[in-house]
Amino acid sequence: SAHGHKGRNPNRSKNPKNAQDALKVAEAAAETLSTDPKQGCKKHELYVSFRDLGWQDWIIAPEGYAAYYCQGECAFPLNSYMNATNHAIVQTLVHFINPETVPKPCCAPTQLHGISVLYFDDSSNVILKKYRNMVVRACGCH
Amino acid sequence: NITLDNEVHSSFIQRRLRSQERREMQREILSILGLPHRPRPHIYTKQNAAPMFMLDLYNAISTDGQQPAGFSYYKPVFTTQGPRMVTQQNSIFLNDANMVMSFVNLVELDQDVLSSRHNREFRFDLSRIPEGEAVSAAEFRIYKDYIGEHYENETFHVSVYQVLQEPPDSEEDLFLLDTRVVWAIEEGWLVFDITATSNQWVVNLDQNLGLQLALESMDGQSVNPRLVGLVWGRGPRDKQPFMVAFFKGTEVRLRSVR
């Protein structure tokens with residue numbers, strides 16, 4: 001429930017009225033979806049340039065890296081490519097019923113991978129270091 | 001500077017940054033790279049820590065860790081691959097390591113510092129290693145050039161020592177790390193394992209008194225290393241001796257309060 005009821009109401013699931021509510025939700029969603037072309041959650045280009053920062057006198061490689069970012073709607077029904085967690089699917093349903101109280105799930109990275117950077121230190125020693133979680137590989141609804 | 005995908009309206013607003021904001025932004029990126037400030041290497045010393053060798057390592061792991069088919073392996077010591085290459089051993093070290101560092105030889109390039117036993121000295125400053133990093137492997141590398149017919153069939157002993165003590169505090173005390181037999185006519189990198197020594201230096205910086213290299217003929221006569229083609233000092237920059245260390249770190253970095 002959206003209002004934070006702690007205890008479970010034993011009679012809720014047997015009430016036929018809930019089943020009708022769920023049906024109405026599904027129908028309403030189908031209509032809304034067709035009229036609202038907002039883009040679903042997906043990966044977008046975002047390039048971070050060390051060269052443009054004027055750092056090429058100490059960073060040997062790379063000149064920059066494609067970091068990407070995630071953006072888009074996590075709206076009902078969550079599409080297959082949105083890598084939605086079960087929780088996100090349920091949260092989307094609840095948001096659909098109570099938009100003011102429960103937000104839609106977030107569009108965020110679900111897989112990240114690292115990059116390596118080769119650079120000089122102040123003494124001209126050369127350092128090659130791996131940095132984790134720098135590049136978005138996949139986005140999803142959470 | 002961060003360029004954006006204009007296809008979709010983005011929540012980033014392009015605006016001119018005030019200099020304070022610019023500095024804050026650069027400090028944030030530097031903190032991700034684990035750097036307290038922006039390094040300012042000296043232009044004339046940039047070649048001294050084998051950047052080309054390190055670029056080979058960078059290229060090796062930048063192809064997602066798979067070893068590219070054409071990648072230049074070489075047999076343990078000698079090859080005709082030319083001045084810089086990565087061994088298969090290095091690739092194994094690389095996969096486990098999260099950081100690799102090559103160090104500038106602090107003994108002046110053209111200074112023929114020969115110890116009392118005509119050994120050649122090398123020193124490396126390991127004080128700049130970020131905290132929490134442990135040496136998983138380390139090598140000392142020196143290049144041997146082809147020297148023509150003069151010593152054609154001769155072989156020599158090349159030995160590398162760790163300097164334990166040195167004058168004026170005491171008598172010179174050396175610890176033999178590794179010895180290699182080399183043919184006079186061969187050419188390529190000589191690679192000596194100095195992992196244990198490097199770990200000791202990282203833990204006790206003041207015990208880092210450097211290395212010494214000795215060259216002897218097979219009958220034990222001390223020979224000037226330069227005569228059999230060992231390169232340092234005046235030789236080409238990409239053949240200068242250097243040290244490379246592979247590190248396995250904790251990778252846990254706490255972000256400071258903003």
Side-chain angles (χ1 to χ4, degrees), chain A residues 36-74 106-108 111-137 139, chain B residues 1-12 22 25-26 29-30 32-35 37-55 57-59 61-62 64 94 97-104 106 124-130 242-244 246-247 249 251:
Chain A
D36 179 356
K38 264 193 196 150
Q39 288 220 344
C41 171
K42 69 174 189 146
K43 198 168 86 167
H44 298 267
E45 286 282 332
L46 171 60
Y47 186 79
V48 175
S49 168
F50 293 140
R51 166 170 286 279
D52 288 1
L53 282 167
W55 283 359
Q56 62 273 32
D57 65 314
W58 64 277
I59 293 187
I60 303 170
E63 291 207 348
Y65 68 96
Y68 301 101
Y69 67 95
C70 298
Q71 187 182 38
E73 281 287 298
C74 284
C106 304
C107 175
Q111 277 183 327
L112 291 151
H113 55 68
I115 64 168
S116 298
V117 178
L118 185 67
Y119 61 91
F120 289 106
D121 68 9
D122 288 316
S123 318
S124 295
N125 296 318
V126 179
I127 294 137
L128 169 61
K129 197 161 187 183
K130 296 175 189 173
Y131 297 94
R132 293 167 13 150
N133 301 333
M134 295 287 279
V135 173
V136 174
R137 178 171 267 185
C139 299
Chain B
N1 196 332
I2 298 176
T3 49
L4 308 173
D5 168 11
N6 299 322
E7 208 185 290
V8 171
H9 165 70
S10 144
S11 55
F12 287 97
R22 174 182 290 275
M25 249 187 70
Q26 294 202 14
I29 299 180
L30 287 169
I32 289 174
L33 297 178
L35 293 169
H37 62 269
R38 176 204 195 289
R40 296 191 186 282
H42 197 279
I43 186 107
Y44 298 117
T45 56
K46 275 189 173 175
Q47 291 303 324
N48 294 354
M52 300 313 288
F53 167 79
M54 292 295 281
L55 193 56
L57 289 186
Y58 170 81
N59 291 328
I61 53 175
S62 294
D64 275 339
L94 211 44
N98 64 316
M99 185 174 91
V100 187
M101 230 172 140
S102 62
F103 296 87
V104 173
L106 298 178
F124 306 96
D125 175 9
L126 270 64
S127 64
R128 295 176 168 276
I129 294 165
F242 64 99
M243 171 187 161
V244 58
F246 299 78
F247 297 86
E251 283 210 38

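Protein chains get the first letters and strands the later ones, always in sequence-line order, with residue 1 at the start of each. Because only heavy atoms are used, hydrogens play no part in the values below, and waters and symmetry mates are left out as well, while side chains stay in. Quantities reported herein were computed from a predicted structural model and do not represent experimental measurements.
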*Asks:* Which pair of heavy atoms, one from B:Ile29 and one from A:Trp55, lies closest together, and at what distance?
*Replies:* CG2-CZ3, 3.7 Å
*Asks:* Going through the distances and angles, do A:Arg132 and B:Asn98 end up as a side chain to side chain contact (heavy atoms under 4.5 Å, CB included)?
*Replies:* CA-CA 10 Å; A:Arg132 293 167 13 150; B:Asn98 64 316; over 6 Å; no
*Asks:* Is chain A contacted by the side chain of B:Leu55, its backbone, both, or neither, given a heavy-atom distance below 4.5 Å?
*Replies:* both
*Asks:* Side chain from CB out, backbone as N, CA, C, O: work out which of these in A:Ile60 comes under 4.5 Å of a heavy atom of chain B, or both, or neither.
*Replies:* side chain
*Asks:* Looking only at heavy atoms, which two atoms of A:Trp58 and B:Leu33 are closest? And how far apart?
*Replies:* CH2-CD1, 4.1 Å
*Asks:* Name all residues meeting the ring-ring contact (aromatic ring centres under 6.0 Å, His included) criterion together with B:Phe242; count only those two or more places apart in sequence or in a different chain, and write none if there are none.
*Replies:* B:Phe53, B:Trp189
*Asks:* Please round to the nearest 0.5 Å and tell me the distance separating atom CD1 of B:Ile61 and atom CG of A:Leu128.
*Replies:* 4.0 Å
*Asks:* Among the options A:Gly114, A:Pro62, A:Gly64, pick out the one with the most heavy-atom pairs lying under 4.5 Å from chain B.
*Replies:* A:Pro62
*Asks:* Distance-only check: which donor-acceptor pairs under 3.5 Å involve side-chain atoms of residues 117-124 of chain A, not counting sequence neighbours?
*Replies:*
residue, atom, partner, partner atom, Å
A:Asp121, OD1, A:Ser123, N, 2.8
A:Asp121, OD1, A:Ser124, N, 3.1
A:Asp121, OD1, A:Asn125, N, 2.9
A:Asp121, OD2, A:Asn125, ND2, 3.2
A:Asp122, OD1, B:Arg40, N, 2.7
A:Asp122, OD2, B:His37, NE2, 2.6
A:Ser123, OG, B:Arg128, NE, 2.6
A:Ser124, OG, B:Thr45, OG1, 2.6

